[in-house]
Amino acid sequence: APEFIHTGESPTWNRDYSDEPDEDDCLQLGEVLTALGVKRMIVGHTVQGDGITPNCDARVWCIDTGMAAHYGGGVEVLEIDGDEVRVLR
């Protein structure tokens, strides 16, 4: 794997959109979504204490609920049906 993949800025480890994103992060997200031609992004790997969490006007959904015994989070599902997005708890 290229060395870049192991840095905090790689697509695998980046948490700009899941760890309290600010206005600049949300602007950058908008550019990424436009470039990819998609409406929203789904991310994991950053435990959300309150369960599945939308950020940046629900353009990014953080789905890591911490279900591992170590974190004790609950089971939740993000359902996407066309333009409708909802969390099933």
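The residues of the chain are indexed from 1 along the displayed sequence.
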key: Nearest heavy-atom neighbours spanning F4 and S10   = O-CB, 3.3 Å

ask   = Is the CG atom of D50 crowded by more than 12 outside heavy atoms at less than 6.0 Å?
value = no

task = Report yes if some heavy atom in the side chain of N55 is under 4.5 Å from a heavy atom in the side chain of V60; otherwise report no.
result = yes

ask   = Given the rule in the side-chain contact (heavy atoms from CB on, under 4.5 Å) test, do V75 and T65 qualify, once you have shown the distances and angles that lead to the verdict?
value = CA-CA 7 Å; V75 175; T65 62; over 6 Å; no

query = Any side-chain heavy atom of D25 sitting closer than 4.5 Å to one from E20?
reply = no

ask   = In the single-linkage hydrophobic clustering (I, L, V, M, F, W, Y; side-chain heavy atoms under 4.5 Å), do V85 and I63 co-cluster?
value = yes

inquiry  = Tell me if a side-chain donor or acceptor on Q48 pairs with a main-chain N or O of S18 at a distance below 3.5 Å.
reply    = yes

note = Closest heavy-atom pair, N14 versus D16, reported as atoms and distance to 0.1 Å, is OD1-N, 2.7 Å

request  = Tell me, yes or no, whether the heavy-atom count around E23 atom CD, taken from other residues, nucleotides or ligands under 6.0 Å, exceeds 12.
outcome  = no

note = Here the gap from L29 atom CG to T34 atom OG1, rounded to the nearest 0.5 Å, amounts to 9.0 Å

inquiry  = Do V32 and Y17 make a side-chain contact, defined as non-hydrogen atoms from C-beta onward lying under 4.5 Å apart?
reply    = yes

message = With a 3.5 Å distance limit and no angle check, can you tell me whether R15 reaches the backbone of H45 through a side-chain donor-acceptor pair?
response = yes

ask   = Any side-chain heavy-atom pair from M67 and E76 closer than 4.5 angstrom?
value = no

message = Using every non-hydrogen atom in the two residues, find where G51 and T53 come nearest and quote the distance to one decimal.
response = O-OG1, 2.7 Å

inquiry  = Are the side chains of L78 and V87 in contact, using a 4.5 Å heavy-atom criterion?
reply    = yes

query = side-chain contact (heavy atoms from CB on, under 4.5 Å) between C26 and D57: does it pass, once the steps are laid out?
reply = CA-CA 9 Å; C26 292; D57 296 323; over 6 Å; no

query = Going by heavy atoms in the side chains, are I80 and I42 under 4.5 Å from each other?
reply = yes

ask   = When rounded to the nearest 0.5 angstrom, what distance separates CD in Q28 from CG in L33?
value = 10.5 Å

ask   = Between atom CZ of R89 and atom CD1 of I52, what is the distance when rounded to the nearest 0.5 Å?
value = 7.0 Å

